[in-house]
Structures are given as structure tokens and as C-alpha cells.
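Encoded as C-alpha cells, the structure appears first; notes follow it.
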Amino acid sequence: MKHINFLAFVMPAFFLFLYLEFKLAQRRKRPEIFNYESSVSNISIGIAERLINLFIAASFYQLYYLIYDDYRIFNIPTNAFIWFLLILMTDFVWYWYHRLGHEVNFFWAAHIVHHHSEAFNFTTAARITTFQAIVRTGFWCVLPLLGFHPSMVITMLIVHGAYSFFTHTQLVRKIKWLEYVFVTPSVHGVHHASDEKYLDKNFGDMFTFWDRLFGTFQSEEEKPKYGLTHPLKSYSFLWQHFHYYFEIFELWKRSKGFKAKLLAIFGSPAHMDQNIRPELEKRFLQDKSNPNKRLKFRNYLYIQLGICILFLTVVTYDFEFLNIADKVFALTFILITLINCGALLEHRKWIYYLEYGRIYIVTSYFLYEENLLTFFAMPLFIMFIAEQLFSLGKRYRDVILQLEISE
């Protein structure tokens, strides 16, 4: 039978549902559901997570088998009742992982990226980082430790993840009777809200009875305002991933005494000094004199995202057959392109040099494949001459970095 890697179809399936959601939003005349910058940012982060997980997901599964084979507490059989018990246990573990992800700085640093978006649609579901995947894997190790077979655990995590994807939309109306048992888009939308009454509510991913049991359930009343209470002032791919780690480190430096330094890492995000983020943004981010300006030539950005998606799909399909050079090239090329997309949203002029870097990586890879690495300096020489003769930098900035006033 021909090798088929079904994970390769995750991204195409995601975009199919995203397209359907977008068209339905248009049909219902609800353009506010999709925000251009947020959606591009969400998709970029989702691509990065899918890419990096190709390299580390096998380690997660090996860890489950190691714990199950050597340390399991019970010998749990496989039957219909056990599958039902497993889905309850999976969501119970998720509840506590998710809740601690909002109540402990170190865990919040991994999870906060999922809450940056001020839009709430299917692209928000993709907004997961590899840091978050690593942290929640640590929590899910409880399941094989109890004695659930890793193959069952992995299957249930796929089901669990698929269900949660469809709760990230505003196009499904409030279904009051269903909320007594299941998490609906309305229930999960509350969790993504920054309104004070909605903060730190609805941590369950499939079922609402954990929130009801532990006093964290909140039904949707007023329309939620999505995002953070203190919105991030950047669409930078790197800054979105790492800003809260910088904030923790800054708080740790300012804290006096062992207990205070420990709380900087494991204390509550509610106690984070709210002056730290604006200070770091002023130190590290580009000052925007007009935040309402938007990239005019957006097709260039769409092309880059499209290349990333196509490349990721192909790499995922053939991942186990690729050599180390192929994998490193794919990882580097896609990550640089995603950084480039974030820089385009930020209108960063230095991305022109990043473009040269990407071209050099591509040419070096093909020189390596053809055993012509002795000519590795040739692309640099050609790019230098082309820049001097045709002023490509100026042309690039004049065309690609054109701005227009956004609505």
C-alpha cells in the first residue's frame, strides 16, 4: 500500500473550513469577524507550530510509551466504557492545564499567544505555539501514567483537538441547552474575552461541567470584546512568541529576595507589573506614528503565506523520507518567511535584507544538493552587483512597503 501521511491534509482541511467560515460571514454581512492583520498573524503562528511539531511530536509519543511501559499505575483495559472514561479524563486534565495556564506566569507565557488575537474565528484556533504544546504534553503524561494505553491517548487528543477547533467561531448562535454539558462557540468566546466579568472563565475544552463544578463557568451575556486586557502593540512573529518571557525576566530582575523572584516566575499574571510591557515595547519595538496605516501591496504577503502552506504540506507528507539537510532547509526557509510576514505587517524596512538572506539560503541549498558548495560565495557576489547596478533596495521599499490608511 502506498505511504500516506494523513497529517499532511491538516492544513488544507483547515483552509477549507476557514474559507467556508469567511464566505458565510460575508453572506451574513459580518465583516468584523475577520481582521486582516490578526488573521495573517494567527495563520503564521499556526504554520510555525505545525512545522516545529514535525520535529518533536514523535518525542511526545515516545514519552507516553515510556511512561506507560515502565511506570503505569493500573492496567486499564480497552472497551467502550474506558473510551468514555478517557474522554472525560482528557478534558479534566485539560481543564487544570488550561486553568494553571492562566494562573501561573510560567505557563501563561506559553499560553498567552493563543489570546493575543482581537478577532475570534477559525484562525484563532491555529494560534498555538510549540511552547504551549510542550507544556500541555507534560500534563497529559498523567493519562499513560494512570494506565491508559498511549495509542488510545493519542487518538483521543486528536479528537479533543478537532472538537476545540470548531468552538472558535462567532457564526454559531448561542445554544443554551447544549451549554449544560458541552463547550459551544459562545462558551469558548467568553473565555477569549477581555471584559472583566469574563476573565478567567470557561477553561473546559469539550465539557462545561468542570467549570460548573469548580466555579469558573460564565455564560455569554453582553457581546465579548476579544483579546487581552492590555493588547499587544505588535504583529511581530518573534515578539508575539517571546514578549511575556521578557516580561517575566524583567520582573525577576526587579524583584528583591528569593520569594519575590520565585513569584515572578510562578506567581499570578494578575500580579504582573503592568508598566513592564509598555517599557519593553518602547525599548524593542518600532514606534508607529500612525497605527492606522496598512500594507497596500497585500498580495505579496498572501503569496508568502501560500508558499509556506504548500511547502509545509509537501514536507509533512514526505517528512520521514527527507534527509537532515532537507529538513533543516524546510525549517529555516519557512521560519524566515513567517518572520518576514510579521515584519511586513509591522512595515519594517529591514525585511529587505531578510529577503536577501532567504535567497541565499535557497541558493545554498541547491548548491549543496548539486555538490557545488565551492561556489557558495557566488550568490552573494551576484546579489551585491545587482544591488549596486539596479538599486533593488529602493525599488523594493517603494513597491512592497507602500502603505494606505486602514478603516
Side-chain angles (χ1 to χ4, degrees), residues 7 10-11 14 37-60 63 94 97-141 157-158 160-162 164-165 167-168 188 191-192 203 205 226-228 230-249 265 269 272 277 280 284-285 305 308-309 312 315-316 330-332 334-343 345-346:
L7 286 176
V10 170
M11 290 300 290
F14 165 75
E37 287 84 1
S38 289
S39 296
V40 169
S41 177
N42 296 347
I43 292 169
S44 296
I45 288 172
I47 291 172
E49 189 267 342
R50 287 288 88 206
L51 172 68
I52 297 174
N53 272 9
L54 286 175
F55 292 83
I56 64 176
S59 301
F60 298 161
L63 179 61
W94 172 275
Y97 145 73
H98 201 180
R99 182 168 175 173
L100 290 173
H102 283 253
E103 295 179 350
V104 178
N105 271 332
F106 182 74
F107 295 145
W108 179 234
H111 185 57
I112 189 174
V113 183
H114 186 61
H115 286 268
H116 285 156
S117 179
E118 295 178 22
F120 185 67
N121 52 49
F122 284 157
T123 68
T124 311
R127 197 179 180 89
I128 299 171
T129 68
T130 299
F131 304 130
Q132 182 176 339
I134 292 171
V135 170
R136 68 188 184 189
T137 296
F139 280 83
W140 273 324
C141 285
L157 294 182
I158 293 172
H160 199 259
S164 66
F165 170 80
T167 62
H168 291 79
H188 196 62
H191 175 73
H192 275 263
F203 296 110
D205 213 37
Y226 302 109
L228 302 176
H230 297 85
L232 204 64
K233 296 180 180 178
S234 174
Y235 292 106
S236 164
F237 179 80
L238 293 175
W239 186 250
Q240 289 180 92
H241 276 79
F242 296 105
H243 76 92
Y244 203 78
Y245 293 102
F246 279 90
E247 292 175 41
I248 291 175
F249 180 64
I265 301 172
M272 172 64 73
R277 185 177 301 168
L280 292 178
F284 292 110
L285 298 183
L305 280 180
C308 283
I309 294 159
L312 177 59
V315 169
T316 302
L331 178 69
T332 306
I334 293 177
L335 287 180
I336 286 180
T337 302
L338 295 177
I339 292 171
N340 201 329
C341 289
L345 291 175
E346 296 272 293

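A quick note: this is a predicted structure, and the numbers were derived from the prediction, not measured.
Using a distance-only test at 3.5 Å, with no hydrogens or angles considered, no donor-acceptor pair links the side chain of Ser164 to the main chain of Ala125. No side-chain donor-acceptor contact under 3.5 Å links Trp94 to the backbone of Trp140. Without hydrogens or angle criteria, Arg50 side chain to Leu312 main chain gives no donor-acceptor distance under 3.5 Å. Judged purely by atom type and a 3.5 angstrom limit, Gln240 uses its side chain to pair as donor or acceptor with the backbone of Tyr235. When atom types are taken as modelled, the side chain of His241 and the backbone of Phe237 share a donor-acceptor pair closer than 3.5 angstrom.
Remark: Leu338 CG to Ile45 CD1 distance equals 9.5 Å, nearest 0.5 Å. We find the CD1-SG distance between Ile336 and Cys308 to be 10.5 Å, quoted to the nearest 0.5 Å. Separation of atoms OH (Tyr226) and CG (Asn121) is listed at 10.0 Å; rounding is to 0.5 Å. Summarising the geometry, atom CD belonging to Glu49 is positioned 11.5 Å from atom CD1 belonging to Ile47; distances are rounded to the nearest 0.5 Å. Atom CD of Glu247 and atom CG of Leu280 lie 6.0 Å apart (nearest 0.5 Å). A distance of 13.0 Å separates CD1 of Ile43 from CZ of Phe122, quoted to the nearest 0.5 Å.
Side-chain atoms of Ser41 and His116, non-hydrogen and from C-beta on, never get closer than 4.5 Å to each other. Contact of the Ile128 side chain with the Val113 side chain is not registered, since no non-hydrogen atoms from C-beta on lie closer than 4.5 Å. Contact of the Leu63 side chain with the Cys141 side chain is registered, since non-hydrogen atoms from C-beta on lie closer than 4.5 Å. Side-chain contact between Arg99 and Phe107 is absent, with no heavy atoms from C-beta onward closer than 4.5 Å. A 4.5 Å side-chain heavy-atom check between Ile56 and Ile134 finds at least one atom pair inside the cut-off.
Contact record, Phe120 with Thr124: CA-OG1, 3.6 Å, taken as the closest heavy-atom pair. Taking each heavy atom of Glu118 and Ser38 in turn, the nearest pair found is N-OG, 4.0 Å. Between Ala133 and Thr137, the shortest heavy-atom distance links the atoms O-OG1, 2.7 Å. Taking all atoms of both residues into account, the shortest heavy-atom contact from Pro269 to Asn105 is CA-OD1, 3.2 Å. Of all non-hydrogen atoms in Ala48 and Thr130, the two that sit nearest each other are O-OG1, 4.4 Å. Minimum heavy-atom separation, Thr123 to Phe14: CA-CZ, 4.0 Å.
Ring pair His192/His168 is perpendicular by interplanar angle, where above 60° counts as perpendicular and below 30° as parallel.
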(request) Run the numbers on His243 and Phe284 for side-chain contact (heavy atoms from CB on, under 4.5 Å), then give the verdict. (result) CA-CA 10 Å; His243 76 92; Phe284 292 110; over 6 Å; no
(request) Determine, step by step, whether His111 and His98 satisfy the side-chain contact (heavy atoms from CB on, under 4.5 Å) criterion, reporting the C-alpha distance in whole Å, the side-chain angles of both residues, the deciding distance to 0.1 Å, and the verdict. (result) CA-CA 8 Å; His111 185 57; His98 201 180; 3.1 Å; yes
(message) Pair Trp239, Lys233 - check side-chain contact (heavy atoms from CB on, under 4.5 Å), show working.
(response) CA-CA 10 Å; Trp239 186 250; Lys233 296 180 180 178; over 6 Å; no
(request) Could you check Ser44 against Val40 for side-chain contact (heavy atoms from CB on, under 4.5 Å), going step by step and ending with a plain yes or no? (result) CA-CA 6 Å; Ser44 296; Val40 169; 4.3 Å; yes
(message) For His230 and Arg277: C-alpha separation, side-chain torsions, deciding distance, then whether side chain to side chain donor-acceptor pair (under 3.5 Å) applies.
(response) CA-CA 9 Å; His230 297 85; Arg277 185 177 301 168; 5.7 Å; no
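Aromatic pair His115/Trp108: centroids less than 6.0 angstrom apart. Outside the 6.0 Å centre-distance limit, the rings of Phe131 and Phe106 are not counted as a close aromatic pair. Between His114 and His191, a ring centre-to-centre spacing not shorter than 6.0 Å is recorded.
Side chains of Glu346 and Ser234: a donor-acceptor N/O pair is present below 3.5 angstrom, by distance only.
Atom CZ of Phe55 sits in a crowded spot, with more than 12 heavy atoms from other residues, nucleotides or ligands closer than 6.0 Å.
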